[in-house]
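Right, one structure below, let's go through it.
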Amino acid sequence: FFRNFTATEYNGHNRNTDIVCDSTGRVYVANFEGLLVYDGVEWTMHHTPGISRVTSIYKAKDGKVWFGGNNVVGTVTTADSISLQFISDEKDSKMKFGEVTTIEERNGKIYFTTNEDKLYRIDDSKITVRRNENRTNTAVSANINDIAETVTVADLSLIAVATKNQ
């Protein structure tokens, strides 16, 4: 079963750049207006400071969802509701590192690359900068992690969500 959603239906920008699904079946979409979350019933937009775009999303091995965008990186925290936790350099809370292009996990540490040719590592909510030796910059990607009940695919303007028939 496939269901396509237009920008009008999910109430966000018509440009989406990345997508992941968490272990509960929530769908997270990197959108030019912020982080879109679909719980299977409704869409919710979560804005970053300054309402900047979110360009990359990654689900770590521990299940934590990471997101990055224009001078912003953080995690999604869930309890009864979803909130965003932003990570910044302790010395510069308004750190300008550029646009996050990829987020990856290596040896239990989260790394992200930016369009400024830099590689950053996050340790205990602190960002350290490293040089990016292998620049990777993907415009659109579709990540499907731990396929259970939901599979998601996104392009630049349309989001499709496929679920198994119950």
Exercise for the section: Show your reasoning for whether side chain to side chain contact (heavy atoms under 4.5 Å, CB included) applies to Thr77 and Thr75. Expected result: CA-CA 6 Å; Thr77 56; Thr75 62; 4.2 Å; yes
Practice task
Please confirm whether the backbone N or O of Lys61 pairs with a side-chain atom of Glu105, one donor and one acceptor, at under 3.5 Å?
Solution key: yes
Fill in the blank from the handout: Distance col, row Asp18:CG vs Ile103:CD1, nearest 0.5 angstrom, shows 7.5 Å
Handout entry: Straight-line distance of Asn107 CG to Arg121 CZ, nearest 0.5 Å
Key = 10.0 Å
Handout entry: Where Asn16 and Tyr10 come nearest, the two heavy atoms and their spacing
Key = ND2-OH, 2.9 Å
Problem - Interatomic spacing from CZ in Phe32 to CG in Asn70 - rounded to 0.5 Å - result: 9.5 Å
Fill in the blank from the handout: Closest non-hydrogen atoms of Thr55 and Gly69, given as atom of the first, atom of the second and distance, are OG1-CA, 3.5 Å
Exercise for the section: Not counting sequence neighbours, which residues clear side-chain contact (heavy atoms from CB on, under 4.5 Å) with Asp62? List them please. Expected result: Ala60, Lys64
Handout entry: For the student: nearest non-hydrogen atoms of Ile57 and Val65, plus distance
Key = CG2-CG1, 3.7 Å
Exercise for the section: For Glu104 and Lys109, run side chain to side chain contact (heavy atoms under 4.5 Å, CB included): C-alpha distance rounded to whole Å, both residues' side-chain angles, the deciding distance at 0.1 Å, then the answer. Expected result: CA-CA 8 Å; Glu104 297 179 14; Lys109 302 288 183 198; over 6 Å; no
Handout entry: Asn11 to Met45 - nearest heavy-atom pair and separation
Key = O-CE, 4.1 Å
Handout entry: Atom pair CD (Glu33) and OG (Ser52), whose distance is rounded to the nearest 0.5 Å
Key = 11.0 Å
Handout entry: Side chain to side chain, Ile122 and Phe112, heavy atoms closer than 4.5 Å
Key = yes
Practice task
Measure the shortest side-chain to side-chain distance between Leu36 and Thr44 over non-hydrogen atoms and say whether it is less than 4.5 angstrom.
Solution key: no
Handout entry: Minimum heavy-atom distance Ser56-Thr101, with the two atoms named
Key = OG-O, 3.9 Å
Handout entry: Shared hydrophobic cluster, Val100 / Ile110 (ILVMFWY, side-chain heavy atoms < 4.5 Å)
Key = yes
Exercise for the section: Assess whether side chain to side chain contact (heavy atoms under 4.5 Å, CB included) is satisfied between Val29 and Tyr38, documenting all intermediate values. Expected result: CA-CA 8 Å; Val29 179; Tyr38 182 64; over 6 Å; no
Handout entry: Parallel, tilted or perpendicular, as decided by the 30° and 60° cut-offs, for the rings of Trp43 and Phe5
Key = perpendicular
Exercise for the section: Assess whether salt bridge (charged side-chain N to carboxylate O under 4.0 Å, His left out) is satisfied between Glu99 and Arg53, documenting all intermediate values. Expected result: CA-CA 9 Å; Glu99 186 128 86; Arg53 62 184 169 237; 2.7 Å; yes
Handout entry: Donor-acceptor under 3.5 Å (Asn31 side chain, His13 main chain)
Key = yes
Handout entry: Separation between CZ of Phe67 and NE2 of His46, rounded to the nearest 0.5 Å
Key = 10.0 Å
Fill in the blank from the handout: Distance col, row Asp39:CG vs Asp22:CG, nearest 0.5 angstrom, shows 10.5 Å
Problem - Aromatic Tyr28 / basic Arg26 pairing, under 6.0 angstrom, 45° off normal - result: no
Practice task
Work out which heavy atom in Val54 is nearest to a heavy atom in Ala30; give both atom names and the distance.
Solution key: O-CB, 3.3 Å
